[in-house]
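Below is a structure I'd like to ask you about.
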Amino acid sequence: MGKNIALIGFMGTGKSEIGRRLSDRLGKTFLEMDDLIVEKAGKSITEIFEEDGEEAFRRLEREVTGEVSAREDVVIACGGGVVLDEINVENLRKSTVLLLLSASPEIILNRVSKDGETRPLLNVQDKMERIRGLLEFRQPFYLRAADHVIDTSDLEPDQVVDEIMEFVKGEV
Ligand code: S3P
């Protein structure tokens, strides 16, 4: 059975970009958790937050995490808040290596500003303050869940992929 790799970490740490490249290199299927949630809900992440609230989003996220955890041979780009629910981490752990991507608040702000779509949680006046606050609160959750941590702040996507390949060598 081919093991899975899940990329966890805050918004803007490169989970999607790196996940896509990593899945190509490993010949595994790439799954973007946010896309699966959008598919299930039939509306965008922003609409889910606005119309149904964050709790409803987290419920969908839990369902999707359960589903992807049951798959084999996939690379999963997780939403930034997945680790906040212990059930999600337990589910992922069953068959998945969890890699934490990190980045400085400045780099995160820069990357998410270039994205086009404002994430619901960053739809505030002072984005830097929000990023710092969320990072501080979430850091213990990220670290507890992670098998390995890579700071992506000063790395090109392919360098991150190289480091992951080195870490998972022979294991996935
Ligand atoms: C969230 C991160 C987003 C998305 C949602 C909530 C979070 O995913 O799931 O807006 O709680 O950090 P990305 O990390 O892929 O941007």
Side-chain angles (χ1 to χ4, degrees), residues 4-23 29-69 71 74-89 91-92 96 98-146 149-153 155 157 160-161 164:
N4 302 330
I5 297 181
L7 301 177
I8 57 172
F10 202 74
M11 301 169 254
T13 51
K15 292 166 292 178
S16 307
E17 174 71 27
I18 288 154
R20 227 171 277 120
R21 293 181 191 217
L22 181 66
S23 63
T29 301
F30 176 63
L31 299 176
E32 172 81 53
M33 226 183 242
D34 282 350
D35 288 350
L36 298 175
I37 292 171
V38 166
E39 215 172 278
K40 200 180 253 288
K43 49 174 123 173
S44 71
I45 303 279
T46 304
E47 285 168 338
I48 302 170
F49 270 78
E50 276 175 5
E51 294 169 15
D52 311 317
E54 181 169 350
E55 249 328 292
F57 173 80
R58 297 297 171 201
R59 248 190 326 272
L60 287 164
E61 185 172 60
R62 210 151 43 232
E63 273 177 46
V64 165
T65 306
E67 287 161 15
V68 297
S69 300
R71 300 274 305 258
V74 292
V75 173
I76 309 157
C78 296
V82 150
V83 295
L84 299 174
D85 190 330
E86 187 55 32
I87 292 175
N88 291 338
V89 179
N91 268 333
L92 287 168
T96 306
L98 279 91
L99 300 170
L100 172 61
L101 303 184
S102 69
S104 67
E106 290 77 15
I107 298 268
I108 287 172
L109 179 59
N110 197 288
R111 289 188 188 151
V112 296
S113 305
K114 284 190 197 144
D115 260 13
E117 202 193 337
T118 305
R119 269 97 159 168
L121 291 178
L122 300 181
N123 194 10
V124 292
Q125 193 71 20
D126 191 342
K127 292 188 174 30
M128 188 50 123
E129 188 191 63
R130 172 60 63 88
I131 289 170
R132 285 189 199 282
L134 285 173
L135 271 178
E136 192 183 344
F137 176 78
R138 289 180 175 187
Q139 192 65 358
F141 292 89
Y142 286 135
L143 291 176
R144 207 175 309 139
V149 189
I150 302 174
D151 185 347
T152 68
S153 300
L155 297 178
V160 180
V161 175
I164 295 174

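The structure presented is a predicted model; accordingly, all values stated were derived computationally and were not measured. Start at 1 and go down the list; that is how both ligands and their atoms are numbered.
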How far is atom 12 (O) of ligand 1 from its nearest protein heavy atom, and which residue and atom name does that atom have?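 Sorting protein heavy atoms by distance from atom 12 (O) of ligand 1 puts Arg138 NH1, 2.7 Å first.
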So does Cys78 get a backbone contact from the side chain of Lys15, meaning a donor-acceptor N/O pair under 3.5 Å?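 Looks like yes, one N/O pair under 3.5 Å.
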A student comparing Arg58, Arg111, Met11, Glu117 should find that the heavy atom closest to atom 11 (O) of ligand 1 comes from Arg58
Shortest protein contact, atom 5 (C) of ligand 1 (heavy atom only): Phe57 CZ, 3.8 Å
What is the nearest protein non-hydrogen atom to atom 9 (O) of ligand 1, stated with its residue, atom name and distance?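 The closest one turns out to be Asp34 OD1, 2.7 Å.
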Can Met33 and Val82 be said to form a side-chain contact (heavy atoms from CB on, under 4.5 Å), step by step? CA-CA 10 Å; Met33 226 183 242; Val82 150; 3.5 Å; yes
Expected output: side-chain Arg21 to main-chain Val161 donor-acceptor under 3.5 Å: no
Met33: heavy atom below 4.0 Å from ligand 1, yes or no?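 No, Met33 has no heavy atoms under 4.0 Å from ligand 1.
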Between Arg71 and Glu67, does at least one N-O distance fall below 4.0 Å, as a salt bridge requires? no
May I ask you to identify, for Ile45, whether its side chain, its backbone, both or neither come under 4.0 Å of ligand 1 on a heavy-atom basis?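 Looking at Ile45 and ligand 1, just side chain atoms fall under 4.0 Å.
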Backbone or side-chain N or O of Glu32 under 3.5 Å from ligand 1 N or O: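 Such a contact does not occur with ligand 1.
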Heavy atom of the protein closest to atom 14 (O) of ligand 1 (residue, atom name, distance):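 The protein heavy atom lying closest is Lys15 NZ, 2.5 Å.
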Decide, yes or no, whether a salt bridge links Glu136 with Arg132 under the criterion of side-chain N to carboxylate O below 4.0 Å. no
Check each heavy atom of Pro120 against ligand 1 and say whether those closer than 4.0 Å belong to the side chain, the backbone, both or neither. side chain
Considering the heavy atoms of Leu121, write down every atom of ligand 1 situated less than 4.0 Å from one of them.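 Here the atoms of ligand 1 in question are 7 (C), 11 (O).
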Gly80 versus ligand 1: do any nitrogen or oxygen atoms come within less than 3.5 Å of each other?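 It does: an N or O of Gly80 is found under 3.5 Å from an N or O of ligand 1.
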Under a 3.5 Å cutoff, is there a donor and acceptor pairing between the side chains of Arg111 and Thr152? yes
Ligand 1 versus Ile37, non-hydrogen atoms closer than 4.0 Å: side chain, backbone, both, neither?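 Looking at Ile37 and ligand 1, no heavy atom falls under 4.0 Å.
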Can we say Arg58 and Asp85 salt-bridge, meaning some charged N sits less than 4.0 Å from an Asp/Glu carboxylate O? no
Ring-face cation of Arg144 near Phe141 (centre distance under 6.0 Å, axis angle within 45°): yes
Protein heavy atom at shortest distance from atom 16 (O) of ligand 1: Arg119 NE, 2.9 Å
Are Leu7 and Ile18 side-chain neighbours, meaning at least one heavy-atom pair lies under 4.5 Å? yes
